[in-house]
Amino acid sequence: MELKYLQLLAKEYKNIEAVSGEIVNLGAKTTLPKGTEFFFSDLHGEHEAFLYLLRSASGIIKAKIDSVFGKFVTEEEREQLANLIYYPKRYLNNLKLSGQKLIEWQKLTIYRLILVCQSVSSKYTRMKVRSKMPEEFLDIFDELLNVNSDVDKEQYYEAMIASIVSVEISDKFIIAICQLIRSISVDSLHIIGDIFDRGPRADIIMEELIHFHDADIQWGNHDISWMGSVTGNRALIANVVRMAVSYNNFDVLEDGYGINLRALSVFASEVYKDDPCSIFTPHVLDINKYDPVDMALAAKMHKAITIIQLKLEGQLLERHPEYQMEERNLLRKIDYKKGIVLLDGKQYPLRDTVFETVDPADPLRLTKQEEDLMDIIAHSFDHSYLLHKHIKFLYSNGGMYKITNGNLLYHGCIPMKEDGKFDSMIFEGKEYEGRKLLDYINVIANNAYFLKRGLEVQKKASDFMYYLWCGPKSPVFGKSKLSYFENYFIEDVETHKEIMNPYYSLSQEEDICKKIFREFHMPENSHIINGHVPVKLKEGESPIKANGKLFVIDGGISKAYRTKTGIAGYTLIYNSHALNLAEHRAQKQGGMATPHVRVVEKMDRRMTIADTDYGDTIQEQIQDLKELLEAYRKGIIKEHI
């Protein structure tokens with residue numbers, strides 16, 4: 001190792017004793033059980049469902065409560081304790097006790113919470129648990145969770161808890177210990193794409209992820225749409241607005257991100273005042289709490305932004321013939337007099353033939369009003385602090401794929417041909433496929449966001465974000481087309497079909513998965529963890545494919561998919577003992593039912609930190625410290641005494 005690096009390391013570990021102590025600490029840490037990893041996919045703005053799954057650790061916390069208290073505490077009391085841990089502020093606000101009953105409840109509850117916290121923290125070092133404790137209660141937590149064996153625990157707890165109650169900090173203490181239990185229960189969090197669209201409040205999910213201690217994201221096509229909108233891509237800005245309006249998600253735009261839609265509502269009500277826009281009536285899966293919009297007006301807004309998006313897409317596709325998506329330049333394929341559209345050589349009648357702002361001689365040109373409207377909306381996107389904060393987090397903590405602890409994570413697909421070979425794309429005259437394709441796309445996506453706005457390379461990268469959103473060879477999309485035009489305008493459902501990339505059927509073969517592992521330099525006993533395509537459990541489809549090599553965990557957490565899938569999402573849980581799959585089900589009265597958790601792969605032995613990527617990093621640190629130790633002993637670097 002270079003002397004300069006050792007000298008930098010010596011500033012932190014100033015002498016032989018410090019270096020030796022850290023080597024011992026790190027070596028001991030590798031023998032501890034690995035942390036529990038949670039994998040979620042396709043959250044689609046369903047903030048309430050996601051927060052419940054995260055706060056409950058997908059049922060793991062309730063299982064811990066059951067194992068700690070067993071038959072000694074009733075099922076009803078265990079359920080109440082679990083709900084307290086998930087939502088302590090809400091629970092305490094709704095608690096209807098007073099006087100001595102409240103005091104007794106506080107004492108008993110704190111005692112039970114301490115026992116649960118001890119159970120969930122037992123496999124971690126005292127230092128790691130301490131690092132998650134809130135500063136104001138750090139010493140109290142440390143004492144209560146680490147009582148010496150020679151102390152009468154019951155008496156000690158009683159005295160400490162009585163003090164907490166008597167000085168009237170019970171509520172704060174309960175909230176803090178509930179937070180600690182939740183924090184310890186989920187060691188790391190992997191989101192396999194599609195945080196945005198369809199559901200009501202993706203912004204709330206993003207805030208939760210930003211404040212989580214260890215979270216990463218593998219970009220999905222819906223994330224890419226929002227990311228591209230922030231780079232200045234106006235077709236994607238229009239797409240973000242269209243998707244939000246189409247699912248009645250005004251709250252996420254206006255209340256969440258402060259996007260000004262008043263100009264759109266004024267424009268739509270004026271231009272389409274005599275048009276019922278009936279085929280554009282939004283899906284109402286959620287009620288807007290802060291920005292309710294009349295459905296008749298929402299339908300007009302929906303149509304207005306859809307026509308604008310079709311124009312902007314057409315302009316973008318004509319700038320980039322290399323995308324080979326000319327067939328999606330759909331406004332040029334309409335015969336406006338006859339009210340028909342030409343698709344794949346066949347004519348189809350249009351369900352809606354009113355195109356108030358389209359000039360048949362120049363169908364892609366925005367009117368002056370449409371240009372002004374897009375200027376206003378784009379200005380809102382540019383100046384939304386929270387939106388930029390969230391998109392920056394997606395970039396800094398995300399990517400096209402991730403390899404972690406023997407698992408390959410990506411949202412959509414590795415584009416393939418029918419014969420099982422990787423499909424390729426050409427950039428700047430060079431061909432890319434497989435892992436190299438994903439790596440290169442990662443660079444383009446970063447160029448779109450981080451390069452100075454307006455540079456030619458940035459504009460080209462920003463435009464490419466549209467291809468990533470819906471291009472047929474896009475790894476995050478991987479379908480023949482995005483058929484939203486057909487869904488709006490054509491009755492024939494055959495035109496609505498989106499043909500999946502061959503990957504989606506081929507990847508169910510074990511040999512294809514092994515081929516992908518070789519491409520990513522991974523051993524054949526690895527796993528692929530995938531999202532994007534909802535698993536229809538009620539039709540007998542399994543999320544576990546290719547003899548256990550592939551897990552598809554898009555289970556329909558989005559309300560838009562639940563009738564198709566029969567469940568409300570999956571969580572894949574990888575702890576030190578096994579890979580577990582949690583199937584979540586929504587209750588008819590709202591909320592989430594206790595998940596069904598099953599072991600899908602049991603480890604031959606308990607996995608330790610030494611078996612993980614983090615363990616490899618620790619071994620590298622130990623090796624560096626050993627070199628520093630040698631340098632101290634030889635006098636190459638002087639100790640600080």
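These numbers come from a predicted model, not from an experiment.
At distances below 3.5 Å, not a single donor-acceptor pair connects side-chain atoms of His283 with backbone N or O atoms of Tyr247. A donor-acceptor pair is defined here as one N or O able to donate and one able to accept, closer than 3.5 Å; no such pair exists between the side chain of Asp197 and the backbone of His44. The backbone N or O of Asn442 lies less than 3.5 Å from a partner atom in the side chain of Asn446, making a donor-acceptor pair. Under a 3.5 Å cut-off, the side chain of Asn530 and the backbone N or O of Gly412 do form a donor-acceptor pair. A distance-only check finds a donor-acceptor pair linking the side chain of Ser246 to the backbone of Met243 [under 3.5 Å]. In this structure a side-chain-to-backbone donor-acceptor pair under 3.5 Å is missing from Arg182 to Ala57. Panel note: side chain Ser384, backbone Leu387; a donor-acceptor pair is recorded below 3.5 Å. Not a single donor-acceptor pair under 3.5 Å links the side chain of Asn249 to the backbone N or O of Val252. Of the possible polar contacts, none joining the Asp362 side chain to the Asp359 backbone as a donor-acceptor pair under 3.5 Å is found. A side-chain donor-acceptor contact under 3.5 Å links Lys300 to the backbone of Tyr272.
Residues Pro475 and Pro415 are in side-chain contact: their nearest non-hydrogen atoms beyond the backbone lie under 4.5 Å apart. The shortest distance between side-chain heavy atoms of Asp255 and Phe250 does not fall below 4.5 Å. Under the 4.5 Å side-chain criterion, counting only non-hydrogen atoms from C-beta, Gln369 is in contact with Glu270. Proximity of Pro200 to Glu46: side-chain heavy atoms (C-beta onward) are separated by under 4.5 Å at one or more points. Side-chain contact between Met400 and Gln218 is absent, with no heavy-atom pair separated by less than 4.5 Å. With contacts defined as side-chain heavy-atom distances shorter than 4.5 Å, the pair Trp469/Phe464 does not qualify. For the pair His222 and Arg198, the minimum side-chain heavy-atom distance is below 4.5 Å. The closest side-chain heavy-atom distance from Ile259 to Val240 is not below 4.5 Å.
Considering CG of Leu310 and CG of Leu364, their distance stands at 9.5 Å, rounded to 0.5 Å. The CZ atom of Phe280 sits 8.5 Å away from the CG atom of Asp275 when rounded to the nearest 0.5 Å. Atoms CZ and CD1, on Phe40 and Ile553 in that order, are 8.5 Å from each other to the nearest 0.5 Å. Here the CG-CD distance, from Asn239 to Glu313, works out to 7.0 Å after rounding to the nearest 0.5 Å. Between Leu312 atom CG and Ile237 atom CD1 the span is 9.0 Å, to the nearest 0.5 Å. Taken from OG in Ser229 to CD1 in Ile377, the straight-line distance is 11.5 Å, to the nearest 0.5 Å.
Aromatic ring orientation, Tyr488 versus His302: perpendicular (interplanar angle above 60°, classes split at 30° and 60°). In this pair, His532 and Tyr504 present their aromatic rings tilted. The plane angle is within the 30 to 60° band. The aromatic rings of Tyr52 and Tyr86 sit perpendicular, their planes meeting at an angle over 60°, well past the 30° parallel limit. Using the six-membered ring where Trp is involved, Phe355 and Phe489 have ring planes that are parallel, under 30° apart on the 30 and 60° scheme.
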- Step-by-step side chain to side chain donor-acceptor pair (under 3.5 Å) determination, Asp439 to Tyr401: CA-CA 9 Å; Asp439 285 337; Tyr401 68 93; 2.7 Å; yes

- salt bridge (Lys or Arg N to Asp or Glu O under 4.0 Å) between Glu491 and Arg351, intermediate numbers included: CA-CA 7 Å; Glu491 198 76 49; Arg351 296 174 63 206; 3.6 Å; yes

- What do the steps show when you test Glu37 against Ile573 for side chain to side chain contact (heavy atoms under 4.5 Å, CB included), and what is the final call? CA-CA 6 Å; Glu37 300 173 78; Ile573 305 166; over 6 Å; no

- Between Phe393 and His390, is a ring pair (Phe, Tyr, Trp, His ring centres under 6.0 Å) present by the stated rule, with each step listed? CA-CA 5 Å; Phe393 180 80; His390 289 175; 8.3 Å; no

- Task: Run the numbers on Glu370 and Thr357 for side chain to side chain donor-acceptor pair (under 3.5 Å), then give the verdict.
- Result: CA-CA 8 Å; Glu370 288 173 326; Thr357 66; 2.7 Å; yes

- Worked check of side chain to side chain donor-acceptor pair (under 3.5 Å) between Asp194 and His411: CA-CA 8 Å; Asp194 278 0; His411 176 72; 3.2 Å; yes

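The pair Lys303-Asp352 meets the salt-bridge criterion, with a side-chain N (NZ, NE, NH1 or NH2) lying under 4.0 Å from an Asp/Glu carboxylate O. With salt bridges taken as basic N to acidic carboxylate O contacts below 4.0 Å, one links Lys389 and Glu207. The existence of a salt bridge linking Arg234 and Asp463 is excluded, since no basic side-chain nitrogen approaches an acidic carboxylate oxygen closer than 4.0 Å. Using a 4.0 Å cut-off between charged side-chain N and carboxylate O, Lys497 and Glu486 make no salt bridge. Using a 4.0 Å cut-off between charged nitrogen and carboxylate oxygen, Lys333 and Glu327 do not count as a salt-bridge pair.
A donor-acceptor contact closer than 3.5 angstrom is absent between the side chains of Glu498 and Ser480.
For the pair Leu330 and Leu343, the tightest heavy-atom approach, listed with the atom from each and the gap, is CD2-CD2, 3.4 Å. Residue Glu322 comes nearest to Lys460 through the heavy atom pair OE2-CE, 4.5 Å, listed as atom of the first residue, atom of the second, then distance. Nearest heavy-atom pair across His496 and Ile490 is NE2-O, 2.8 Å. Shortest non-hydrogen contact noted between Pro360 and Val358 is CD-O, 3.3 Å. Nearest heavy-atom pair across Asn397 and Ala215 is ND2-O, 3.1 Å. Nearest heavy atom pair, residue Gln458 against residue Thr231, reads NE2-O, 3.2 Å.
Heavy atoms from other residues, nucleotides or ligands lying under 6.0 Å from NZ of Lys172 number 12 at most. Annotation: Asn94, atom CG; neighbour count of heavy atoms from other residues, nucleotides and ligands within 6.0 Å is above 12. In the displayed structure, Gln324 atom CD is contacted under 6.0 Å by at most 12 heavy atoms of other residues, nucleotides or ligands. For Leu386, the CG atom is densely surrounded, since the number of other residues' heavy atoms within 6.0 Å is greater than 12. Atom NZ of Lys392 is surrounded by 12 or fewer heavy atoms from other residues, nucleotides or ligands within 6.0 Å. Around NE2 of His213, the count of heavy atoms belonging to other residues, nucleotides or ligands within 6.0 Å exceeds 12.
Looking at residues two or more places apart in sequence or on another chain, you find a side chain to side chain contact (heavy atoms under 4.5 Å, CB included) between Glu371 and Leu366, Lys368.
Among the candidates Leu53, Ile191, Thr571, the single residue satisfying the side-chain contact (heavy atoms from CB on, under 4.5 Å) test with Phe38 is Thr571. Paired with Tyr449 under the rule ring pair (Phe, Tyr, Trp, His ring centres under 6.0 Å), one option of Tyr395, Trp219, Trp226 passes, and it is Tyr395.
For the pair Arg242 and Tyr484, the distance from NZ or CZ to the six-membered ring centre is under 6.0 Å and the angle to the ring normal is within 45 degrees.
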